[in-house]
Amino acid sequence: MTRAIYPGTFDPVTNGHGDLISRAARLFDQVIVAVAIDTGKDTCLGLDQRVALVEKVVEEHDNVSVKAFTGLLVAFCEQQQAGVVIRGLRAVSDFEYEFQLASMNRRLAPQIETLFLTPAEQYSFISSSLVREIARLGGDVAEFVHPDVRRALSANFS
């Protein structure tokens, strides 16, 4: 069985994330969406809320689960017996950082592969930080996120 991990803060989970999760679910026997606890970032949504929202987004996929994690990603992969890390690339500007992460992870755990996926074109410009900013300023994020995520952001910023 091939198990993959798709890590991130998912603050918030967007339709772009959902697209990558759906495509990964077709490629792998099992996908674990790993919601990072200690991100080094200030998150607008709490961990439990981020996990619950990702669970809502992935509920149609029988082979996708959601787990919070802390510490090194490669340690979590080993703990979960996952041999693949999925990372999303929206634009060329994402590549340098993602390449550095993949190279470091390979150095730490050479048995774990990183697979880069690009979102469908209609999601290529969506980022969690842009969605947060639009929501914070009172804009409508309905076309970028699941309805439950939109409601959570609206409640958070009201």
Would you check if Lys67 and Phe76 make a side-chain contact, meaning some heavy-atom pair closer than 4.5 Å? yes
One should read off an interatomic distance between Ile21 CD1 and Glu60 CD, to the nearest 0.5 angstrom, of 10.0 Å
Quick check: does any side chain N or O of Asp19 sit under 3.5 Å from a backbone N or O of Asn15, one acting as donor and the other as acceptor? no
Side-chain (Ser124) to main-chain (Glu121) donor-acceptor, under 3.5 angstrom: yes
Under a single-linkage definition using a 4.5 Å side-chain heavy-atom cutoff for Ile, Leu, Val, Met, Phe, Trp and Tyr, are Val66 and Leu47 assigned to the same hydrophobic cluster? yes
Which heavy atom of Leu153 sits nearest a heavy atom of Ala135, and at what distance? CB-CB, 4.0 Å
Hphob cluster co-occupancy, Val54 + Ile126, side-chain heavy atoms under 4.5 angstrom: yes
Residues Glu98, Phe116; criterion side-chain contact (heavy atoms from CB on, under 4.5 Å); working and verdict: CA-CA 9 Å; Glu98 293 296 340; Phe116 296 113; 3.6 Å; yes
Any side-chain heavy-atom pair from Leu89 and Phe95 closer than 4.5 angstrom? yes
Mind checking the CD-CG spacing from Glu113 to Asn105? Nearest 0.5 Å is all I need. 11.0 Å
Is Val85 reachable from Met104 through a run of hydrophobic residues whose side-chain heavy atoms are each under 4.5 Å from the next? yes
To the nearest 0.5 Å, what is the distance between CZ on Phe157 and CZ on Arg132? 7.5 Å
Do side-chain atoms of Arg50 reach the backbone of Ala36 as a donor and acceptor pair under 3.5 angstrom? yes
Start with the C-alpha distance between Thr114 and Arg106, add both sets of side-chain angles, then the distance that settles side-chain contact (heavy atoms from CB on, under 4.5 Å), and finish with yes or no. CA-CA 8 Å; Thr114 299; Arg106 184 177 315 115; 5.8 Å; no
Hey, any chance Val84 and Val31 share a hydrophobic cluster, counting ILVMFWY side chains that come within less than 4.5 Å of each other, even indirectly? yes
Side chain to side chain, Val33 and Val64, heavy atoms closer than 4.5 Å: yes
Please confirm whether the backbone N or O of Asp148 pairs with a side-chain atom of His146, one donor and one acceptor, at under 3.5 Å? yes
Under 6.0 Å from the OH atom of Tyr97, do we count more than 12 heavy atoms belonging to anything else shown? no
Which one of Val131, Val141, Leu20, Val149 satisfies the side-chain contact (heavy atoms from CB on, under 4.5 Å) criterion with Thr14? Val131
If we ignore hydrogens and angles and just use 3.5 Å, is the side chain of Ser127 paired with the main-chain N or O of Leu130 as donor and acceptor? yes
Is the backbone of Arg150 close enough, under 3.5 Å, to the side chain of Ser154 for a donor and an acceptor to pair up by distance? no
Linking I/L/V/M/F/W/Y whenever their side-chain heavy atoms sit closer than 4.5 Å, directly or via other members, would Leu53 and Val145 fall into one cluster? yes
Ignoring hydrogens, what is the shortest heavy-atom contact between Cys77 and Ile112? Give both atom names and the distance. CB-CD1, 3.5 Å
Indicate every side-chain donor-acceptor pair of residues 6-13 with a distance under 3.5 Å to a residue at least two apart or in another chain.
from, atom 1, to, atom 2, distance (Å)
Asp11, OD1, Cys44, N, 3.4
Asp11, OD1, Leu45, N, 3.0
Asp11, OD2, Cys44, N, 2.8

Rounded to the nearest 0.5 Å, what's the gap from CG on Leu101 to CD on Glu96? Could you check? 11.0 Å
Does Gln111 CD have over 12 foreign heavy atoms under 6.0 Å away? yes
Minimal non-hydrogen separation, Arg23 against Ala120, with atom names: NH2-N, 3.9 Å
Indicate yes or no for a side-chain donor-acceptor contact from Asn63 to the backbone of Phe28 under 3.5 Å, with no hydrogens or angles considered. yes
Within a reach of under 6.0 Å around CZ of Phe99, are more than 12 heavy atoms found that belong to other residues, nucleotides or ligands? no
Gln49 and Ala152: which non-hydrogen atoms are nearest, and at how many Å? NE2-CB, 3.5 Å
Between Ile5 and Gln80, is there a side-chain heavy-atom distance shorter than 4.5 Å? yes
Is the shortest heavy-atom distance from the side chain of Leu117 to the side chain of Leu27 under 4.5 Å? yes
Crowding at CG, Asp29 (>12 non-hydrogen neighbours, <6.0 Å): yes
